[in-house]
Amino acid sequence: MRQSVYQVLLFMSVITAQSQKPANPRLIVRGDDMGSSHSSNLACIECFKEGIETSVEVMAIAPWFPEAARLLKESPGIDVGLHLAITSEWDNIKWRPLTHCPSLTDANGYFFPQLWPNPNYPGLAVKENNWKPSEIEQEFRAQIELALKNIPQLSHISGHMGATDFDKRVSAIVSRLADEYNLADVSNDPRSRFGILDLGYGGKHTTAAEKVSGFSSMLDSLEAGTTYVFIDHPAYDNAEMQAQHHVGYENVSADRQGVTELFTNSGIKELMRQKNIELVSYNDATKALPRANLKEENVNAKCINEYLDAVKKSGQDLHSLMVLRHGKVVAETWTGDNGPRKPHIMNSVSKTFTATAIAFAVAEHKLKLSDKVISFFPNDLPVSISPFLAELQVRDLLTMSVGHAKDPTDKIRKQDGNWEHLFLQEPIVFKPGTKFIYNSMASYMLSAIVQKVTGEKLIDYLYPRLFRPLGITGVEWKTSPTGINTGGWGLYIKTEDMAKMGQFMLQKGRWKGRQLLPAAWFDEATSVKITQAAQWISPDARPAESDWLQGYCYQLWRCRHNAYRADGADGQFIIVMPDKDAVIVTTAKISDMQAEINLIWDYILPALE
């Protein structure tokens, strides 16, 4: 939702559901069966990019899944669900299970065409045969793992043609697998679990025109403060789709072309704008941070509004603000064309996520902080290895105490080729661990080390360990010429994703009852490691007045007021305040970041009573 003026959302009652109770109706528009055809793949992507679709369900066992996975990775903003399937309904095209499950297949080894008995397909329904829960579990697990391998941003699971909830035993299996893989199960009673109500057309919907009319009528029934989901199947009316049908559903191609036309209809988009209907995804509805009342969390509303007034008067270009207290969002705002679902450049906030990947690798015994950096790059070393280069440890990269005389980042990242090799050629003139030089290329080397020891890009390594458990989706991260995530910069996430990361650090790695990282890591990572001033700090600067003279940690800065922060150029902050049990997040275009954080101390700190 776009806002052109500063506004803080002050919630007047504690929200106990998964996400805040919104002032407007919220609608998930879901496109099903991506992967089942080339036509469905292209239409689902079009309906997201050009239309109102917010979530897509993909079938990992279907023939066009490889293309679907590629398209979805190219469009990381789409909320993706896995459409678990144990049936193959079309007459002219079939798919098989990924595992050996004879109780679910016909004589040719294909999935049965129907779940429930159908007189047009006698004896060919799952329910008519002696299906085995153990085979369903092994097949669903295989589908989940294939999907996650190829689409790491997957956020939830659903069921194709009732595959996930036709029997209580199956529902229990799906619920257990969803919990195991940190995926929301939106197929089993989403109304009671997440407050999501199913919707259908409000009238006839055979033709494209009837679909538009029926959808428009349905929109009239939406109530403020409620989250709904509308489901249909986009595709194109072409030769491929004209060959897909089964007895009782022969007009598949024309029907699904009508869905594509509905989802991309400009009149529908305008009608939804007029009705203030907020388009959201499943991830928004199932994994948002809880919202709460300012007063009940002991936050002074007057101070928050005075902060926003002060920001405006100072001319600071603040893009967003989010304040958490006791794990709940108590205030949030966006300005200009920024919004809750629009990713923002993180700049050096990226570094904190890179350090967290190192933490996971350490916890998994893939490396140690004392490991020598040269040990990871035997093919990229200079002809002559200096004693200081030989001494350089992973820990020194984390603390930006490599020993360079000046930061080599700008010089290296302007070049094509192997940045690791170029970094290792740079002279180290100080003993590692003794001289602080802010050095984004050191963070890049951390990313390269993660990729070396895990075989995965940083972003893919973090998805199952950090992003998916926290409900962070749609992540983008720039890469080097050799395909390594840049580590020290180039990350794009949303404001609430930043807040989740801050809360995760505040809780010392614990999330929803699970200890994702050892708590001891956060004690270590947030304590001062080196106290020398960064190269841009004036020699006359006083520690009592500067948040850049409180010490550097593991890709984090200490702040005044016993706080610490992730910090990115032009005003990106995740400020963690353990003494106040609070997290403050900003995105911005503010060059004077000390002035920005000063206003936070002047107004928001006193608000935390």
Inset, instruction - Could you tell me the separation between the OH atom of Y492 and the CG atom of N347, rounded to the nearest 0.5 Å? - result: 8.0 Å

Legend entry - Aromatic ring pairing W419/Y444, orientation class (parallel under 30°, perpendicular over 60°, tilted between): perpendicular

Inset, instruction - Mind checking the CD-CG spacing from E306 to L599? Nearest 0.5 Å is all I need. - result: 12.0 Å

Inset, instruction - Kindly indicate whether the side chain of S401, heavy atoms from C-beta on, has any atom under 4.5 Å from the side chain of T434. - result: no

Inset, instruction - Tell me yes or no: between the side chains of E609 and N300, is some donor less than 3.5 Å from an acceptor? - result: yes

Legend entry - Non-hydrogen side-chain atoms of W477 and T486 separated by less than 4.5 Å: yes

Inset, instruction - Check whether the ring centres of F436 and Y552 lie less than 6.0 Å apart, and answer yes or no. - result: yes

Inset, instruction - Before accepting this row, confirm whether a basic side-chain N of the pair D179/R514 lies closer than 4.0 Å to the acidic partner's carboxylate O. - result: yes

Legend entry - Beyond-backbone contact of W489 with T409, side-chain heavy atoms, under 4.5 angstrom: yes

Inset, instruction - Could you tell me whether K312 and D309 have a side-chain N and a carboxylate O separated by less than 4.0 Å? - result: no

Inset, instruction - Could you tell me whether the side chain of K342 reaches within less than 4.5 Å of the side chain of D337, counting heavy atoms only? - result: yes

Legend entry - Nearest-0.5 Å distance, CG of residue D579 to CG of residue N562: 4.5 Å

Legend entry - Geometric cation-pi criterion, R565 with W548: 6.0 Å, 45°: yes

Legend entry - Side chains of V373 and L424 in contact at under 4.5 Å (non-hydrogen atoms): yes

Legend entry - Between CD1 on residue I437 and NE2 on residue H404, distance to nearest 0.5 Å: 10.0 Å

Legend entry - Partner of E297 by salt bridge (charged side-chain N to carboxylate O under 4.0 Å, His left out), out of R291, K580, K328: K328

Legend entry - Side-chain heavy atoms of L369 within contact of I358, under 4.5 Å: yes

Legend entry - Test item: I537 and Y438 side chains (from C-beta on) under 4.5 Å apart, heavy atoms: no

Inset, instruction - May I ask you to say whether K457 pairs ionically with D460, meaning some side-chain N is under 4.0 Å from a carboxylate O? - result: no

Legend entry - Separation of E420 CD from L381 CG (nearest 0.5 Å): 11.5 Å

Legend entry - Among V311, D547, I590, the one residue meeting side chain to side chain contact (heavy atoms under 4.5 Å, CB included) with E596: I590

Inset, instruction - Only one of I604, I600, T586 passes side chain to side chain contact (heavy atoms under 4.5 Å, CB included) with I575; say which it is. - result: I600

Legend entry - V330 to R325 - nearest heavy-atom pair and separation: CG1-CB, 4.3 Å

Inset, instruction - Give the minimum heavy-atom separation between K500 and L470, together with the two atoms involved. - result: CD-O, 2.9 Å

Legend entry - Closest contact, heavy atoms only, R560 versus N598: NH2-OD1, 2.8 Å

Inset, instruction - Find out whether F360 and T454 are in side-chain contact, i.e. whether some heavy atom of one side chain is under 4.5 Å from a heavy atom of the other. - result: no

Legend entry - Shortest non-hydrogen separation from A363 to P518 and the atoms involved: CB-CD, 4.1 Å

Legend entry - Side-chain ion pair, K287 and E496, N-O less than 4.0 Å: no

Inset, instruction - Could you tell me whether D410 atom CG has more than 12 heavy atoms of other residues or ligands within 6.0 Å of it? - result: yes

Legend entry - Reported CH2-to-CG distance for the pair W511 and N182, which is rounded to 0.5 angstrom: 11.5 Å

Legend entry - Taking every non-hydrogen atom, the tightest pair across I584 and M577: CD1-SD, 3.7 Å

Legend entry - K508 NZ: over 12 foreign heavy atoms closer than 6.0 Å: no

